[in-house]
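See structure below.
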Amino acid sequence: MYRTHLCGELRASHAGQTVTLAGWVNRRRDHGGVAFFDLRDRAGIVQVTINPDLPTEMLDLVADVRNEWVLQIEGVAQKRPEGMENPKMETGEVEVIARNVIVLNPSRTPPFMVNTDNDLPDENMRLKYRYIDLRRERLTRNMVLRHKIVKYMRDYLDEKGFIEIETPIMFKATPEGARDYLVPSRIYPGQFYALPQSPQQLKQLLMVAGMDRYFQIARCFRDEDLRGDRQPEFTQLDLEMSFVQRDDVLDLVEGLFTAMLPEVAPHKKLFSSPWPKFSYKEVLERFGTDKPDLRFGMELIDVTDILAKSEFKVFQSALEAGGVIKCIVAPKSAEMSRKELDALTEVAKSFGAKGMPYLAVTAEGVKGSAAKFFKEEELAALKEKTGTGVGDLIVFASDARAIANKTLGGLRLWFRDKLDLADKNMMAFAWVVDFPFFAFNEETQTWESEHHPFTMPKMEDLPKFDTDPGAVLSDAYDMVCNGYETASGSIRIHRRDIQMKMFQLLGLSDEDIQKKFGHMLEAFEYGAPPHGGMAPGIDRLVMLLADEPNIREVIAFPKNQNGRDVMADAPSEVEPKQLKELHIKFS
RNA sequence: GGUCUCGUGGUGUAGCGGCCUAACAUGCGGCCCUGUCAAGGCCGAGAUCGCGGGUUCGAAUCCCGUCGGGACCGCCA
């Protein structure tokens with residue numbers, strides 16, 4: 001038996017017990033006579049005291065011990081002497097007086113320190129030695145939190161009558177969505193499996209199969225460029241329910257997360273219960289994005305009416321082109337430096353704006369790039385409508401509605417970060433519903449499906465399909481939290497005729513439809529129940545609950561932003577023999 | 001595909017035309033030290049400044065290219 005207790009679980013109540021611990025040396029403090037090791041395991045850190053009355057051979061052995069060596073310590077747990085407690089440690093009231101020290105394995109000097117989170121090494125260094133980096137208390141905590149969240153989900157859904165079913169990782173290419181990761185077939189030259197972008201089709205087929213309520217902690221794969229909140233492989237709580245309407249799904253998921261929050265992250269506050277529900281249109285107008293951060297105000301304000309007759313050319317030309325004038329009011333930002341404003345203008349341009357007019361409201365009057373073009377009555381009306389006071393900065397966007405919204409939505413988040421407007425312990429869950437079914441592609445001048453082709457349009461909008469496609473809404477919904485899309489779902493099509501029409505609208509030929517989706521259409525002919533579901537992203541959720549800035553910190557072995565596994569150095573070249581077996585040749 | 005930004009001892013940073021024979025912290029090695037907990041004190045080793053080219057009397061520093069990282073835009077049905 002290697003150990004009787006975990007390092008991190010020892011408390012004053014263990015005093016007097018003989019214990020055996022095993023773990024890593026987190027830190028050593030050698031005072032010449034007495035010496036201390038902080039011994040670490042997954043549960044935490046405890047102080048081990050080496051007294052000079054131990055046998056000389058053991059003291060010699062102990063003198064060589066360094067950080068990250070793996071030790072087994074046999075000793076007596078003891079309440080620390082009066083005044084020697086360390087309130088910063090959970091185990092700070094206790095220490096283990098060593099009687100025997102066994103080196104289970106020495107360690108090379110690690111490439112970086114894991115006993116401090118100050119001055120973190122370069123991330124690729126951390127990723128290369130991920131097995132060391134994960135020893136960090138912070139990352140260990142993230143892994144444990146992730147486990148708790150997934151366990152809670154499993155238990156909750158089991159309680160609600162769901163069953164967990166695994167679906168294949170090797171499936172069929174669905175090139176209509178993101179790019180697929182392909183797996184060449186050895187047995188069928190020139191043919192490929194694809195890794196699933198989500199188990200979408202499979203879970204729908206499980207509903208056809210009568211599984212009624214399914215879930216899966218599902219790995220999904222998408223071959224698109226990475227971001228701080230996007231990995232090429234990621235995990236979703238994939239769930240699907242039969243005989244449900246939209247709100248049945250939303251209520252289930254809202255119930256799950258609302259119940260889970262205090263259990264897994266008690267320091268987090270729920271912004272609102274029940275969760276707010278916005279239409280896609282409303283959320284875009286008010287927050288400039290379909291994944292709003294509700295933890296702070298600074299909503300977008302439409303001032304087109306007030307400035308309709310503005311003499312400012314920038315506004316005039318935007319309005320002539322059929323655009324709008326909107327603004328946000330940043331508190332206490334009137335004194336921003338020219339340099340900061342220039343930087344901010346660049347941010348605005350990155351969202352498609354041509355410039356960024358602004359007004360700084362100061363005690364001496366309004367200042368700013370466009371100040372002289374504003375008439376007195378316009379200023380008065382502006383202040384009235386926006387509630388602007390002295391010290392505030394009004395930032396405008398005048399452009400096509402979509403660009404104005406997007407720009408101000410982006411700037412709103414910029415101010416959130418700069419002015420620290422969002423409570424980090426708040427979880428502002430909300431629903432976004434009533435998404436448009438089609439999006440107009442300016443480039444190709446055609447209507448394109450906004451979702452995957454299995455999403456159900458609102459039945460009452462069916463007649464508008466051919467006459468007014470822009471007005472058709474879908475039975476799709478997103479769960480958002482703190483500015484992230486944390487889940488996405490829909491009521492699905494379960495009728496063959498509607499599904500067929502969808503594929504045709506997407507521009508697929510009858511032959512393509514049969515080849516790619518014949519199995520779905522056929523399944524719908526054999527008694528498909530009405531069904532719908534949702535897929536909350538686990539990585540993003542854990543990231544938010546762990547207060548991490550990106551999802552790599554909550555994934556055990558993530559890829560870097562360029563999709564490389566820098567630890568194993570993948571992707572990598574393979575043996576010519578392997579290529580030959582797969583019938584692959586490079587030109 | 002694009003924009004911005006960063007590559008300096010093991011690690012994290014400073015230096016941004018000559019004071020650089022490259023500084024600081026930490027880690028590492030040695031010595032001292034019986035109660036520390038980011039232990040402390042003294043001594044020491046360790047970087048031709050990502051790579052290639054150019055400008056210059058002189059380049060870590062300026063320019064061009066290239067490789068690698070990060071943030072964002074496009075993309076993510």
Side-chain angles (χ1 to χ4, degrees), chain A residues 26-39 45-53 59 63-64 66-68 80-89 91-92 95 97 108-129 132-133 174-180 197-198 200-201 220-232 234 343 346-353 406-407 410 413-414 417 437-439 441 443 448-455 474 476 485 488 490 502-503 506-508 516 537 549-550 552 560-562 564 566:
Chain A
N26 191 60
R27 219 181 267 280
R28 58 189 284 269
R29 294 177 292 281
D30 187 344
H31 287 241
V34 69
F36 304 98
F37 291 151
D38 289 340
L39 200 66
I45 295 171
V46 70
Q47 171 164 288
V48 174
T49 304
I50 311 288
N51 279 321
D53 55 2
L59 290 176
D64 287 336
R66 292 294 180 271
N67 284 346
E68 301 310 314
R80 290 199 191 186
E82 186 77 26
M84 300 300 170
E85 301 88 357
N86 183 350
K88 281 185 277 186
M89 295 175 80
T91 61
E95 62 186 341
I97 310 298
R108 286 171 60 183
T109 301
F112 49 78
M113 300 281 83
V114 301
N115 54 23
T116 172
D117 284 344
N118 300 332
D119 293 329
L120 279 182
D122 176 79
E123 192 174 9
N124 274 288
M125 178 68 59
R126 295 175 55 204
L127 291 176
K128 182 175 177 188
Y129 297 99
I132 300 175
D133 200 46
T174 51
E176 282 70 27
R179 271 188 289 267
D180 286 314
Q197 298 177 24
S198 92
Q200 183 61 37
Q201 295 183 38
C220 307
F221 306 85
R222 291 178 192 174
D223 187 5
E224 296 294 341
D225 285 352
L226 277 44
R227 284 288 197 295
D229 63 349
R230 263 161 42 188
Q231 281 275 304
F234 59 98
E346 288 308 308
V347 176
K349 283 180 179 169
S350 79
F351 293 107
K406 185 171 180 174
T407 302
L413 295 185
W414 188 91
D417 296 335
F437 199 82
F438 296 101
N441 186 324
E443 237 172 84
E448 290 178 354
S449 173
E450 181 84 334
H451 312 281
H452 59 67
F454 309 108
T455 299
S474 65
E485 179 194 313
S488 177
S490 63
M502 272 310 306
F503 289 139
L506 277 171
L508 289 169
K516 290 174 177 164
N550 70 63
R552 296 186 295 271
N560 73 9
Q561 189 173 206
N562 293 320
R564 287 206 75 80
V566 291

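Here is the naming used below: chain letters follow the sequence lines, and residue numbers restart at 1 for every chain. All heavy atoms count here, side chains included; hydrogens, waters and symmetry mates do not.
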### Message
For the P atoms, the ones on B/C76 and on B/U8, what distance do you get once it is rounded to whole angstrom?
### Response
36 Å
### Task
Give a yes or no answer on whether the side chain of A/Gln197 reaches the backbone of A/Gly177 with a donor-acceptor pair at less than 3.5 Å.
no
### Task
Return the nearest nucleotide to the side chain of A/Gln561; candidates are B/G27, B/A71, B/A38.
B/A71
## Note on the structure
Of A/Ser350 and A/Gln197, the one whose nearest nucleotide on RNA chain B sits closer to the 5' end is A/Ser350
### Message
Looking at A/Arg552 and B/G70, is any side-chain donor or acceptor paired with a base atom of the opposite kind under 3.5 Å?
### Response
no
#### Entry: Gap in Å between the two P atoms, one belonging to B/G15 and one to B/C67, rounded
28 Å
### Query
In whole angstroms, how far is the P atom of B/G1 from the CG atom of A/Leu226?
14 Å
## Note on the structure
Against the side chain of A/His452, the closest entry in B/G35, B/A77, B/A38 is B/A77
### Query
If you measure from the Lys or Arg side-chain nitrogens to the Asp or Glu carboxylate oxygens, is any gap between A/Glu224 and A/Arg230 under 4.0 Å?
no
### Query
Roughly how far, to the nearest 0.5 Å, is the CZ atom of A/Arg552 from the CD atom of A/Gln561?
6.5 Å
### Task
Answer with yes or no whether A/Glu346 presents, from its side chain, a donor or acceptor under 3.5 Å of a partner atom in the base of B/U3.
no
### Check: A/Arg230 side chain, B/C76 base, donor-acceptor under 3.5 Å
yes
### Query
Among B/C33, B/A77, B/G35, which nucleotide sits nearest the side chain of A/Arg222?
B/A77
### Message
I'd like the P distance from B/G53 over to B/A59, given in whole Å.
### Response
13 Å
### Query
So, are A/Arg29 and A/Asp38 salt-bridged, with charged N and O less than 4.0 Å apart?
yes
### Query
How do A/Asn51 and A/Asp64 order along RNA chain B: which one's closest nucleotide is nearer the 5' end?
A/Asp64
#### Entry: Nearest-angstrom distance, P atom, B/U55 to B/C64
15 Å
### Query
Reckon A/Glu68 touches a base, only the sugar-phosphate, or nothing at all at heavy-atom distances under 4.0 Å?
nothing
### Separation between the P atoms of B/A39 and B/C28, rounded to whole Å
11 Å
### Summary
Hits for side-chain contact (heavy atoms from CB on, under 4.5 Å) against A/Asp119, two or more places apart or cross-chain, chain-then-number order -> none
### Query
Between A/Ser490 and A/His451, is any side-chain donor less than 3.5 angstrom from a side-chain acceptor?
no
### Message
So, OP1 or OP2 of B/A39: does either fall under 4.0 Å of a side-chain N or O from A/Arg29?
### Response
yes
### Query
Counting any heavy atom closer than 4.0 Å, what does A/Glu85 reach on the DNA or RNA strands: base, sugar-phosphate only, or nothing?
base
### Message
Say we look at B/G30 and B/A23: how far apart would their C1' atoms be, to the nearest angstrom?
### Response
24 Å
### Task
Report the nucleotide, chosen from B/C28, B/U36, B/A71, that has the shortest atom-to-atom distance to any side-chain atom of A/Asn67.
B/C28
### Task
Considering only atom P, compute the distance from B/U56 to B/C51 and round it to an integer number of Å.
23 Å
### Query
Do A/His31 and the base of B/A39 stack face to face, with centres under 5.5 Å apart and an angle between planes under 30°?
yes
### Query
Over how many whole Å does the gap from A/Arg227 atom CZ to B/C75 atom C1' extend?
8 Å
### Query
So which nucleotide does B/A45 pair with, by the Watson-Crick or G-U wobble rule with both distances under 3.5 Å?
none
### Query
Taking protein heavy atoms under 4.0 Å as touching, what does nucleotides 6-16 of chain B look like 5' to 3' if B marks base contact, S marks sugar-phosphate-only contact and - marks none?
----SSS----
### Message
Is there, by distance only and without an angle test, a donor paired with an acceptor across the side chain of A/Arg80 and the base of B/C37 below 3.5 Å?
### Response
yes
### Task
Please identify each residue that fulfils side-chain contact (heavy atoms from CB on, under 4.5 Å) with A/Phe351, with sequence neighbours left out.
A/Val347, A/Lys406, A/Thr407
### Task
Rounded off to whole Å, could you give me the NZ-to-C1' distance for the A/Lys406 and B/C73 pair?
7 Å
Please list, pair by pair, any protein nitrogen or oxygen found under 3.5 Å from a nitrogen or oxygen in nucleotides 66-68 of chain B.
none

### Message
Expressed as a whole number of angstroms, how long is the span from A/Lys88:NZ to B/A39:C1'?
### Response
11 Å
#### Entry: ring-ring contact (aromatic ring centres under 6.0 Å, His included) against A/Phe112, all qualifying residues, sequence neighbours excluded
none
### Summary
Answer for the Watson-Crick or wobble partner of B/U26, both distances under 3.5 Å, is B/G10
### Summary
For B/A38, the nucleotide meeting Watson-Crick or G-U wobble distances (both under 3.5 Å) is none
#### Entry: Distance, rounded to the nearest Å, where A/Asp38 contributes CG and B/A38 contributes P
9 Å
#### Entry: Atom pair NZ/CG of A/Lys128 and A/Asp122 - distance to nearest 0.5 Å
11.5 Å
### Query
Between B/G27 and A/Arg66, is there an OP1 or OP2 to side-chain N/O distance shorter than 4.0 Å?
no
### Rounded distance in Å between the P positions of B/G12 and B/G69
15 Å
### Query
Can you tell me how far C1' of B/C72 sits from CG of A/Asp225, to the nearest Å?
12 Å
### Query
With both distances under 3.5 angstrom, what nucleotide forms a Watson-Crick or G-U wobble pair with B/G65?
B/C51
### Query
Donor-acceptor pair, A/Ser198 side chain versus A/Cys220 backbone, under 3.5 Å?
no
### Query
Between atom CG of A/Leu39 and atom CG of A/Asn26, what is the distance when rounded to the nearest 0.5 Å?
9.0 Å
### Query
Given atom CZ of A/Phe36 and atom P of B/U36, what is their separation to the nearest angstrom?
7 Å
### Message
Regarding A/Gly352, tell me which of base, sugar-phosphate or nothing describes its non-hydrogen contacts under 4.0 Å with the strands shown.
### Response
nothing
### Query
Are the side chain of A/Arg27 and the backbone of A/Asn115 linked by a donor-acceptor contact shorter than 3.5 Å?
yes
### Query
So what does A/Thr116 touch, heavy atoms closer than 4.0 Å: a base, only the sugar-phosphate, or nothing?
nothing
### Task
Using whole Å, report how far CD of A/Gln200 lies from P of B/C76.
17 Å
### Sequence-distant partners of A/Phe37, ring-ring contact (aromatic ring centres under 6.0 Å, His included), two or more places apart
none
